[in-house]
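Dropping the structure in here first, questions after.
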Amino acid sequence: MDVGTAIRTRRSVRRYKSQDIPEEVLREVLEAARLAPSAANRQAWEMIVVKDSQVKKDLVPMCKNQKFVAECSVFLVAIEDPAQKWSRVDATIMLDHLTLEAHEKGLGTCWIGAFDKAQVGALLGVPPNKEVMACMTLGYPDEDPEARPRKPAEELIYYGRYGERQ
Ligand SMILES: Cc1cc2nc3c(=O)[nH]c(=O)nc-3n(C[C@H](O)[C@H](O)[C@H](O)COP(=O)(O)O)c2cc1C
């Protein structure tokens, strides 16, 4: 799958098959994350890969009761370092790389922004000087969601100067 197709056909997936991800496939998806660009190449992010079923169940109430958190094969927890200026951006780009590589491999992802940082951090042993930035579900899709609408380009993109449309 080329990058353009991956960008245009990726969807947030919230229903997953109970099918394990082969280790080699998971490694390649994580490798795409590792290769993401970062500020001054500092790679100021870390990530926890959660596979344990009980831990995923425990995470559901910490993620606003989003049940599919327990149903995905792997739950990813991206960690930022508040002491590093671009850490959140680094972690965000890393996760976005991961979504596209996962999609190319037939896997689905969904960002999880609705969660309790303190609870998730405590459960997974995140040290006090680091912070959970965002989470993500990963697994084989059991749904084929429609594309969600996007704002028209004129509302989002200006040329040369703020507010100027071509
Ligand atoms: C930072 C961020 C946080 C999100 N948090 C959640 C979430 O907690 N639960 C959820 O179901 N979807 C979440 N989403 C997914 C968005 O709802 C989804 O990306 C958006 O509706 C566009 O749909 P698409 O990804 O299928 O194109 C989040 C997305 C982003 C980028």
Side-chain angles (χ1 to χ4, degrees), residues 1-19 21 26 29-30 32-39 43-53 55-82 84-124 126 130-157:
M1 186 185 292
D2 61 83
V3 178
T5 304
I7 289 169
R8 283 162 182 75
T9 59
R10 181 214 53 84
R11 308 277 179 263
S12 289
V13 170
R14 299 179 179 87
R15 289 179 68 91
Y16 294 96
K17 293 181 178 151
S18 56
Q19 183 182 337
I21 304 170
L26 180 60
V29 169
L30 297 175
R34 194 181 70 89
L35 295 175
S38 64
Q43 303 153 68
W45 57 270
E46 294 162 289
M47 183 156 58
I48 305 172
V49 178
V50 179
K51 296 183 190 174
D52 186 274
S53 300
V55 177
K56 283 186 283 177
K57 280 191 191 125
D58 293 343
L59 283 160
V60 170
M62 301 176 186
C63 297
K64 306 274 152 66
N65 274 322
Q66 300 186 84
K67 302 275 185 283
F68 65 97
V69 163
E71 285 148 19
C72 67
S73 301
V74 171
F75 188 77
L76 300 164
V77 178
I79 294 161
E80 63 176 309
D81 178 353
Q84 299 216 47
K85 186 180 171 202
W86 293 103
S87 176
R88 183 170 298 191
V89 174
D90 290 355
T92 304
I93 298 168
M94 173 283 281
L95 281 178
D96 197 53
H97 260 50
L98 190 151
T99 63
L100 296 176
E101 178 81 9
H103 179 49
E104 200 251 43
K105 302 240 170 309
L107 288 159
T109 54
C110 187
W111 282 81
I112 301 293
F115 68 94
D116 186 303
K117 278 184 189 225
Q119 288 179 0
V120 173
L123 179 74
L124 301 176
V126 176
K130 302 284 172 69
E131 212 173 277
V132 177
M133 191 280 291
C135 305
M136 185 165 278
T137 54
L138 175 68
Y140 288 102
D142 198 18
E143 64 168 350
D144 186 13
E146 291 290 311
R148 306 266 342 260
R150 294 294 191 263
K151 294 178 183 176
E154 308 79 66
E155 264 185 50
L156 301 166
I157 301 166

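Since this is a predicted model, take the numbers as computed values, not measurements. Counting starts at 1 for both ligands and their atoms, following the listed order.
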Exercise. Tell me, which protein residue and heavy-atom name are nearest atom 5 (N) of ligand 1, and how many Å apart are they?
Worked result: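 Looking only at protein heavy atoms, the one closest to atom 5 (N) of ligand 1 is G113 N, 2.8 Å.
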
Exercise. Which atoms of ligand 1 sit under 4.0 Å from any heavy atom of Q66?
Worked result: 7 (C), 8 (O), 9 (N), 10 (C), 11 (O)

Exercise. Can I112 and F68 be said to form a side-chain contact (heavy atoms from CB on, under 4.5 Å), step by step?
Worked result: CA-CA 10 Å; I112 301 293; F68 65 97; 3.6 Å; yes

Exercise. Where's the contact between R150 and ligand 1, heavy-atom distance under 4.0 Å: side chain, backbone, both or neither?
Worked result: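 Side chain only.
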
Exercise. Which atoms from ligand 1 have a heavy atom of A114 less than 4.0 Å away?
Worked result: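 So the answer, numbered in order with elements, is 8 (O).
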
Exercise. Taking the side chain from S12 and the backbone from T109, do they hold a donor-acceptor pair closer than 3.5 Å?
Worked result: no

Exercise. Is there a donor-acceptor pair under 3.5 Å between the side chain of T99 and the backbone N or O of D96?
Worked result: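 Indeed, once roles are kept as given, a pair shorter than 3.5 Å links the two residues.
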
For this session: Could you tell me whether C63 approaches ligand 1 through its side chain, its backbone, both or neither, with non-hydrogen atoms closer than 4.0 Å?
Result: neither

Exercise. Ligand 1 and F68, any nitrogen or oxygen pair closer than 3.5 angstrom?
Worked result: no

Exercise. Under 3.5 Å, is there a donor-acceptor pair between the side chain of E143 and the main chain of R14?
Worked result: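 The answer is yes, because a donor-acceptor pair under 3.5 Å joins these two groups.
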
Exercise. Where does K64 meet ligand 1, judged by heavy-atom distances below 4.0 Å: at the side chain, the backbone, both, or neither?
Worked result: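 No part of K64 is near ligand 1 at this cut-off.
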
Exercise. Between T9 and H103, does any side-chain donor sit less than 3.5 Å from a side-chain acceptor?
Worked result: yes

For this session: Would you kindly say whether Y16 and T137 are connected by a side-chain donor-acceptor distance under 3.5 Å?
Result: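 Checked: Y16/T137 side chains pair up, N/O donor to acceptor below 3.5 Å.
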
Exercise. Among V55, V49, L59, which one satisfies side-chain contact (heavy atoms from CB on, under 4.5 Å) with F75?
Worked result: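 So the option named by the test is L59.
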
Exercise. Which residue and non-hydrogen atom of the protein lie closest to atom 21 (O) of ligand 1, and at what distance in Å?
Worked result: R148 NH1, 2.7 Å

Exercise. How close does the nearest protein non-hydrogen atom get to atom 12 (N) of ligand 1, and which residue and atom is it?
Worked result: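 Ranking protein heavy atoms by distance from atom 12 (N) of ligand 1, first comes R14 NH2, 3.1 Å.
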
Exercise. Of the protein's non-hydrogen atoms, which lies at the shortest distance from atom 18 (C) of ligand 1, and what is that distance?
Worked result: S12 OG, 3.4 Å

Problem set entry | D2 versus T5, side-chain donor and acceptor atoms under 3.5 Å | yes

Exercise. Where is the nearest protein heavy atom to atom 7 (C) of ligand 1: which residue, which atom, and how far?
Worked result: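 Going atom by atom, the protein heavy atom closest to atom 7 (C) of ligand 1 ends up being W111 O, 3.4 Å.
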
Exercise. What atoms of ligand 1 come closer than 4.0 angstrom to any heavy atom of C110?
Worked result: 10 (C), 11 (O), 12 (N)

